[in-house]
Amino acid sequence: MYRAGPMTVSFPRSLRWIAWLWCLGLGCAWAQQDTADRLWQGAEQQSRQIRREAVPSRPDGQGSWVHESMLSAWQVPEARVGQLTLAILNAVNQHDWFGADRLLRQYQQVPRHDPALFIFVEASRLAAQGDHADAIDRYRQVLQANPLFTRGDLDLARVLFIDNRLRDAQAIFQRLQARPLPPEIERHIADYLAAIEQRTRMRITLSLSAVREDNLNNASTIVDPCALRFLDACFENVPGRKAADTGAYFEGTLNKLWPLAGNHAFMLRSLNYGNRYRHEDDYGNFASTTYLGYQYGSARNQFQFLPLFEYDREGGHKAYHAFGFRTSISRQVSPRAMLEASYETKHRHFAQRLESLEGDFRSIGLFGQYVIRPDLLVYGSLAWRESGARLGIFAYREKSARLGVYKSFGGKVAVNMAYGYRQRQADEAVALFEKRQRDHEGSLYVNVSLPGYAWQGMTPTLSYEYRKNRSSIPHLYTYEKNRLTLGFTKVF
């Protein structure tokens with residue numbers, strides 16, 4: 001609706017259609033992309049946390065690891081050989097490499113010494129330094145020479161577990177269960193098998209919340225005295241009406257890993273979320289993305305190639321489905337720091353009424369995190385995205401950045417807070433206004449969870465999100481919005 005003095009000019013159908021398409025193709029899609037990114041990184045963070053927490057500690061008492069029953073093939077009559085062997089293994093337990101080398105020099109002078117013990121010490125040293133691949137090769141050399149050396153089997157299985165070779169580690173631990181071992185070692189093996197089960201079991205996370213949003217349609221309240229120019233006359237626009245409503249919001253993720261031999265595995269991940277409002281049915285939605293593909297994972301590196309299927313439903317009707325893939329490389333550059341680079345592409349098939357939005361989507365991302373303390377983590381991301389469309393005013397290129405911090409307070413309260421900024425530009429100008437849409441959006445996201453006050457496994461959660469968009473066509477695309485959710489989360 002536009003007016004000049006007492007004169008009012010109305011273009012209701014065409015402009016409402018353009019605004020609705022913009023909300024679906026651009027405005028609402030930005031919020032949904034942020035949600036999808038947050039759910040993905042949340043699933044990855046959960047996986048990393050499980051890997052850290054699921055490593056069992058060694059049995060109490062270093063002697064448990066050098067019990068004579070575990071030396072097997074190295075039991076020889078000479079007492080001196082046995083004494084030195086036990087002393088060397090104790091030095092290995094303490095990571096006393098200088099002491100181990102000194103004892104090995106003495107051991108080398110004793111008749112009937114076994115050269116494989118030198119390889120075992122070198123394997124243990126490599127494992128302590130994080131060189132897991134070479135350590136595994138050395139352990140296997142030791143076991144080839146001494147197949148009944150139980151301590152070698154245990155250390156090999158432990159390093160295989162740390163290096164994410166879960167199927168290989170599981171096979172050795174299960175084989176060791178058949179041997180007579182001290183009770184503390186049997187419990188230790190059972191702990192590792194339980195940890196492997198923990199890493200590979202299907203994990204489902206569900207969240208259900210009440211939601212309140214004050215600008216579902218991204219309406220602009222800007223009044224521009226010359227919003228539309230026609231025949232040298234300026235027409236003032238009528239400000240938009242914000243659609244506000246309350247309703248229900250849900251999130252659901254599913255993760256499952258099937259280990260193969262070595263560092264290889266198949267992975268399934270499904271990210272789902274949606275809104276349902278009491279009165280504004282046109283703004284209800286459901287989005288689901290399912291990934292199923294290959295993963296290579298070691299202690300420091302991870303590579304994924306995951307074909308994907310995506311389905312999006314808006315206002316009670318199918319909006320589109322898409323096929324594509326996501327591939328990523330991540331590296332644990334230090335015990336505290338991690339980096340990930342990713343690429344995603346998908347070919348979207350829109351419903352006939354939305355064929356103007358038909359086009360491919362591509363994204364390149366860089367994500368990193370740094371653990372300052374066990375209860376304090378900072379993270380950030382950079383992304384470049386391109387979304388095609390048949391109608392050029394809905395196609396766009398986007399650059400975005402996000403910086404966040406996660407803090408846990410005594411394990412009872414956890415706060416995740418992030419600030420995001422994005423720039424985007426449409427491929428073509430809106431002919432009616434002779435301007436190309438250029439937007440600058442700032443956003444703030446705060447999530448508070450209360451794991452210390454969980455009941456029946458349900459953790460209370462509260463989130464707040466604020467967005468402010470500034471546009472080159474302000475009376476249509478400049479807006480502010482607030483969103484608040486209150487609910488609970490449960491992990492199955």
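All of these numbers come straight from a predicted model, not from anything done at the bench.
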| field | Sidechain-backbone polar pair: D168 side chain, G262 backbone, donor-acceptor under 3.5 Å | value | yes
| field | S207 and Y273: side chain donor to acceptor below 3.5 Å | value | no
| request: May I ask you to decide if the ring planes of H95 and W97 are parallel, tilted or perpendicular, using 30° and 60° as cut-offs? | output: parallel
| message | Do Q46 and Q41 pair up side chain to side chain, a donor and an acceptor below 3.5 Å, judged on atom types alone? | response | no
| message | Looking at K481 and E213, is any side-chain nitrogen of the basic one under 4.0 Å from a carboxylate oxygen of the acidic one? | response | yes
| task | Determine whether the side chains of T290 and S270 contain a donor N or O and an acceptor N or O closer than 3.5 Å. | result | yes
| Which heavy atom of A36 sits nearest a heavy atom of L271, and at what distance? | O-CD1, 4.0 Å
| Taking 4.0 angstrom as the limit, do D163 and R158 come out as a salt bridge? | no
| said: Quick one about R199 and N164 (side-chain donor to acceptor, distance below 3.5 Å, no hydrogens or angles considered), yes or no? | reply: yes
| Thinking salt bridges, do K318 and D312 make one under a 4.0 Å N-O criterion? | no
| message | Tell me whether the rings of Y291 and W40 are parallel (<30°), tilted (30 to 60°) or perpendicular (>60°). | response | perpendicular
| request: State whether a side-chain donor-acceptor pair under 3.5 Å links N469 with R424. | output: yes
| task | Evaluate the ring planes of F309 and F323, with Trp represented by its six-membered ring, and classify them as parallel (under 30°), tilted (30 to 60°) or perpendicular (over 60°). | result | tilted
| Between D214 and R483, is the closest basic N to carboxylate O distance under 4.0 Å? | no
| Between H264 and Y296, does the ring centre distance come in under 6.0 Å? | yes
| query | If you draw the axis of the six-membered ring of F409, does the NZ or CZ of K407 fall within 45° of it and under 6.0 Å from the ring centre? | reply | yes
| Rounded to the nearest 0.5 Å, how far does CZ of R201 lie from CZ of R203? | 4.0 Å
| query | Is the F325 ring parallel, tilted or perpendicular to the Y343 ring (thresholds 30°, 60°)? | reply | tilted
| Salt bridge present between E355 and R390 (N-O < 4.0 angstrom) | yes
| Where does the angle between the aromatic ring planes of Y466 and Y464 fall among parallel (under 30°), tilted (30 to 60°) and perpendicular (over 60°)? | parallel
| Are Y192 and F173 near enough that their ring centres are under 6.0 Å apart? | yes
| query | Considering all heavy atoms of both residues, which atom of S356 and which atom of A389 are nearest to each other, and what is their separation? | reply | O-CB, 3.5 Å
| Test of ring centre spacing under 6.0 Å for F149 and F120 | yes
| Stepwise, does the salt bridge (charged side-chain N to carboxylate O under 4.0 Å, His left out) test hold for R38 with E465? | CA-CA 13 Å; R38 177 172 53 79; E465 189 171 3; over 6 Å; no
| Would you say the side-chain atoms of T489 and T459 include a donor-acceptor pair closer than 3.5 Å? | no
